[in-house]
Each structure stands twice: as structure tokens, then as C-alpha cells.
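Reading through the C-alpha cells given below for one structure.
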Amino acid sequence: MNRQALPVRFFRAVAAGLLWGCALAGTASAHETLKLDAPKPDLAPTPPMGWNSWNKFGCNIDERIVRSQADAMAASGLKAAGYRYIVIDDCWQKSRDADGNIQADPERFPGGIQALADYVHGKGLKFGLYSDAGALTCGGRPGSAGREFQDARQYAKWGVDYLKYDWCHTGTRDAEAAYTIMAKALRESGRDIVLSICEWGTNQPARWAPKAGHLWRTTGDISDLWESKKDWPIGMVNILDLQAEQWRYSGPNQWNDPDMLEVGNGGMTTTEYESHFSLWAMLAAPLIAGNDLSRMDADTRRILTNADVIAVDQDPLGQQARRVWKEGDHEVWARPLQGGDRAVVLFNRGAAAAGIRVSWNQLDLPADLRAEVKDLWTGQVSKDVHGGVGGTVAPHGVLMLRIRQPGRGAMAGSQ
Ligand code: GLA
């Protein structure tokens with residue numbers, strides 16, 4: 001026996017005893033020491049795209065609506081544009097059976113979750129559910145606290161591909177530990193399941209969430225309105241402002257989530273929804289539609305399926321935009337894209353049309369560049385552009401541009 005062995009053994013024994021003590025006492029801390037063994041599955045190399053029931057339907061969700069959204073996603077051009085996940089948010093759950101297995105609300109989901117997942121998969125789409133790290137969900141349904149492994153096994157059995165995991169009724173739980181447990185449970189479930197962390201940015205998620213999940217919310221809930229002057233509800237531009245400093249944490253398989261889209265829900269104008277969609281694409285945000293896909297008007301469909309804007313969101317480099325300039329109501333957001341392109345949004349928050357301009361220098365582009373510039377909303381391409389780009393931006397509107405440096409790769413995403 002060498003001289004180190006005894007103390008090492010002694011401390012191991014003491015540590016094991018302490019862990020046992022916790023386990024016997026039934027405290028959360030024995031669980032909360034769990035470590036992630038399996039690596040995070042590579043399920044979100046680009047930001048997830050899909051639909052979620054909450055923004056439009058809240059707790060008024062049922063299997064008929066979910067099927068209609070899957071039908072519409074497949075038939076409306078959204079699937080072709082890259083949308084994949086159909087996610088049922090809160091209120092699908094009702095109770096647990098005698099063995100503790102989570103049960104769907106039998107009145108709203110009489111066919112059961114498995115049949116619904118099969119239906120969604122049958123459309124070539126992926127299926128997601130919602131739960132919560134507390135005893136109850138935000139809507140007061142059974143949460144997953146203490147049942148993480150049992151629930152993850154159930155989700156895998158049903159064919160769940162995506163879990164949004166919320167943070168209501170969690171008391172004094174430690175967020176990192178709680179989300180790590182669910183991450184472990186999902187990784188051991190035998191199925192690839194995206195973990196969408198939803199603790200509203202209240203526990204510094206950028207510190208720990210990239211290890212556990214594929215995306216994490218950075219703020220409270222979005223509302224279908226342009227701007228709020230109060231703390232709540234939170235308008236679209238209020239959420240935008242809270243993203244400006246988050247860019248360094250985002251990247252493939254670890255996306256900042258500024259919350260789901262409100263495009264098409266009726267609280268903003270078409271111009272404002274174009275801005276919302278453009279800015280979310282600049283943020284490399286998950287593009288999770290939150291409207292009724294079965295009743296989209298032409299503008300909503302046009303916005304949600306704009307291939308050039310989506311290509312910016314889905315750019316494989318995965319670099320979130322930075323706000324490179326702001327003066328009063330006028331802003332410039334920019335992000336580098338794979339192959340040397342730049343995506344730029346000239347954003348006008350004001351009530352009057354405004355001329356906004358950005359120079360190559362501000363975009364970290366060579367001063368002598370003669371670029372090809374595409375307007376991603378009109379489709380117009382300008383060649384031999386030098387010095388910078390600019391134009392008149394409508395009130396509450398954007399000019400969204402893709403700048404290509406000739407000779408440095410193709411204008412990916414342009415059509
Ligand atoms: C929280 C989340 C929302 C939604 C609701 C459901 O507020 O942040 O996105 O999931 O709960 O109750």
C-alpha cells in the first residue's frame with residue numbers, strides 16, 4: 001500500500017457514506033450529483049424549426065388541432081422550407097396512473113399520444129412534447145420532478161423527438177442540476193430527443209445549458225405585440241434588446257432561444273412581422289411558428305417560408321448577429337455567414353421612414369470590396385456595390401441584405 005492510498009480510500013468511504021445518507025434520507029441532492037456520461041446527441045447543428053401550440057392555443061389544445069397543424073405544415077410549404085417539429089406545449093397531461101406513468105388528458109387526446117406521434121411521423125415530421133422540472137407545470141398539470149427517468153422512457157416509447165422542459169413550481173431546485181437530470185434521462189432513453197430548456201434566462205443558463213440541452217430560453221414569454229413599456233407583457237423588440245449581449249454563447253447544438261414566433265397571430269402589422277422574422281433569423285433563433293398553420297393568410301405564409309431569410313437563420317457557421325450600430329431608433333445588426341457572406345439588417349424602430357446606411361468597415365469587410373448584394377425581401381440583386389449599403393427603411397421595418405464578396409464562395413441561399 002503506498003502512502004496516499006489510505007487517505008484516498010478513507011475520503012472515498014466518507015463520500016460514499018454521505019451519498020448513501022442523502023439517498024436514504026430521500027433528498028434531491030443524491031440525484032442532483034448525477035453527471036452526464038453520454039455525449040449530447042448532435043440533433044440541432046442548425047437552429048430547430050417547427051411549430052408549437054402555446055402562442056396561439058394555450059391550454060385549448062387537442063389532438064384534432066395537432067393533426068391539423070401537421071397536415072398544414074406538410075401541405076403549406078412549411079415542411080419544404082425546413083420546418084420539422086410539431087410540439088405540444090402545456091396542458092396535454094392530466095394525471096399519472098397507479099404506476100406513476102404520465103397520462104394524456106383523455107378528453108382532449110382520446111387517441112393517445114402514441115397515435116398522435118405516429119400521425120406526425122407519417123407526415124415526415126417530428127414530434128415534441130412539453131414538461132416541467134417542478135411538481136406541476138406552469139398550467140398546473142403533473143410535472144416531471146422525481147419522475148425524470150420514468151417520463152423520458154415513456155417519451156421514447158411514444159416516439160417523442162423533442163422535449164420542451166419548463167421551470168414552474170420548482171421551489172429551491174438548482175436549475176443546472178435539474179436540467180442535467182432530464183438531459184441524462186433523455187440520453188439514456190434509447191431515443192434521440194432534443195432538449196429545449198425553458199427557465200427564462202433566470203439562472204445564467206449560458207453557463208451550464210450548453211452541456212445539457214440544444215437550446216435555452218433567454219427571457220420571459222414573448223407576447224404578440226411590437227413593444228411594451230412595462231415589464232410584462234414582453235413585446236418583440238423588448239425581447240430583441242435582451243439578446244444583444246448573448247451572441248457569444250450561441251452556436252451549433254447550443255442556441256439562444258428568444259422564444260417562439262408570433263408571426264400570423266394578429267397583434268402586429270405585416271411589416272412588423274417581417275421585422276420579427278428577419279431579426280429572429282439574424283439571432284440564429286429556433287424558428288418555432290406559433291400561429292394556426294391551418295388558417296394562414298398569404299402574407300403569413302410568405303414570411304414564414306422566405307427561403308433566403310431562413311438560409312440566414314440556418315447558416316452552418318451558426319454565428320448569432322451582433323448589433324454593430326445604434327443611434328436612437330435606428331440600428332444595424334450583422335452576422336458573418338459561411339463562405340465569407342454577411343447578413344445585415346437595417347432596422348428602423350421609429351414611426352417615420354428613415355435612411356440607414358452601413359459601411360464595409362463597420363461590417364469588417366475590405367474597404368475596396370465590390371460586392372453583390374441581395375435584398376432578401378424583394379429578391380433584388382445589386383452588383384458592384386462599393387463602400388457600404390443602405391436605403392430607406394419603413395417605420396417598424398427592416399432592410400435585410402445578404403452581401404457576397406465575389407470570389408469567396410457562392411451566394412448560398414440565394415435563388
Ligand atoms: C411558460 C413558458 C411558456 C409556455 C407556458 C406553458 O410560461 O415560458 O413558453 O410553455 O409556460 O404553461
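Every number for a ligand or one of its atoms is a count from 1 in the order of the listing. Since the structure is predicted, the reported quantities are computational estimates derived from the model, not experimental observations. We count residues from 1, following the sequence as given. Because only heavy atoms are used, hydrogens play no part in the values below, and waters and symmetry mates are left out as well, while side chains stay in.
Remark: distances from the non-hydrogen atoms of Trp167 to ligand 1 are all 4.0 Å or more.
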Task: Trace of the ring-ring contact (aromatic ring centres under 6.0 Å, His included) decision for Trp226 with His396 - done: CA-CA 9 Å; Trp226 172 255; His396 290 191; 3.9 Å; yes

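Looking at atom 3 (C) of ligand 1, its nearest protein heavy atom turns out to be Asp221 OD2, 3.4 Å. Scanning the protein for heavy atoms near atom 10 (O) of ligand 1, the closest one is Asp89 OD1, 2.6 Å. Nearest to atom 9 (O) of ligand 1 among the protein's heavy atoms is Lys164 NZ, 2.7 Å. Closest protein heavy atom to atom 12 (O) of ligand 1: Asp90 OD2, 2.8 Å. Shortest contact from atom 1 (C) of ligand 1 to any protein heavy atom: Asp166 OD2, 3.0 Å.
A salt bridge links Arg349 with Asp241: the closest approach of a Lys/Arg side-chain nitrogen to an acidic carboxylate oxygen falls below 4.0 angstrom.
Here is the list of ligand 1 atoms found below 4.0 Å of a heavy atom in Cys138: 1 (C), 11 (O), 12 (O). Here is the list of ligand 1 atoms found below 4.0 Å of a heavy atom in Tyr130: 6 (C), 10 (O), 11 (O), 12 (O). Every atom of ligand 1 with a heavy atom of Arg217 under 4.0 Å away is listed here by number and element: 8 (O), 9 (O). Using a 4.0 Å cut-off to heavy atoms of Cys198, the atoms of ligand 1 that qualify are 2 (C), 8 (O).
Residues that satisfy the side chain to side chain donor-acceptor pair (under 3.5 Å) test with Asn306, not counting sequence neighbours, are absent from this structure.
Test Leu304, Leu261, Ile303 against Tyr273 for side chain to side chain contact (heavy atoms under 4.5 Å, CB included) and you get one pass: Ile303.
Contact check for Trp325 versus Ile356: side-chain heavy atoms found under the 4.5 Å cut-off.
Ring to ring, Tyr130 and Trp54 are not that close: their centroids are 6.0 angstrom or more apart. The ring of Tyr85 has its center no closer than 6.0 angstrom to the ring center of Phe127.
At a 3.5 angstrom cut-off on N or O pairs, Trp54 does not count as close to ligand 1.
For residues 40-49, the set of pairs meeting the side-chain hydrogen bond (donor to acceptor under 3.5 Å, both in side chains) definition, not counting sequence neighbours, comprises Asp42-Asn253, Thr46-Gln314.
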